[in-house]
Each structure stands twice: as C-alpha cells, then as structure tokens.
*Asks:* 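Just dropping this structure here.
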Amino acid sequence: MSLTEVCALLTVVIGLLTLLVTVAKASFDAGWKISHDHDDKNKKD
C-alpha cells in the first residue's frame, strides 16, 4: 500500500473511532441525566 492509502485508511479508522466515542458518551450522558432526574424527583417527595 502506498503512503496515501495508509493515510486515508488511518483517517477513516480515526473518524469511526471518534464517532463511536461520541455516540457512547451521548448515550452515557442521557442515561446519567435520566437516572439523576429520577433520584431528584424521589428526594423531593
């Protein structure tokens, strides 16, 4: 493989990993917010 192909492949792999991390963080943040909103409602009662 030429240097251009290797760089293109690395760019694609890094992009996919970045997307995966972003999706995982978003789902974790949503779950965290839902969990803590539920706890806050229980404390108010």
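None of these values were measured; they are calculated from a predicted model.
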*Asks:* Which donor-acceptor pairs under 3.5 Å do the side chains of residues 14-22 make with protein atoms, sequence neighbours left out?
*Replies:*
| from | atom 1 | to | atom 2 | distance (Å) |
| --- | --- | --- | --- | --- |
| Thr18 | OG1 | Ile14 | O | 2.8 |
| Thr22 | OG1 | Thr18 | O | 2.8 |

*Asks:* Applying salt bridge (Lys or Arg N to Asp or Glu O under 4.0 Å) as the test, list every pair that has at least one member in residues 1-11; sequence neighbours left out.
*Replies:*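 Every pair satisfying salt bridge (Lys or Arg N to Asp or Glu O under 4.0 Å) with a residue in residues 1-11: there are none.
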*Asks:* Please tabulate, one pair per line, all N/O donor-acceptor pairs under 3.5 Å involving side-chain atoms of residues 24-32, not counting sequence neighbours.
*Replies:*
| from | atom 1 | to | atom 2 | distance (Å) |
| --- | --- | --- | --- | --- |
| Lys25 | NZ | Asp29 | OD2 | 2.7 |
| Ser27 | OG | Val23 | O | 3.2 |
| Ser27 | OG | Ala24 | O | 2.9 |

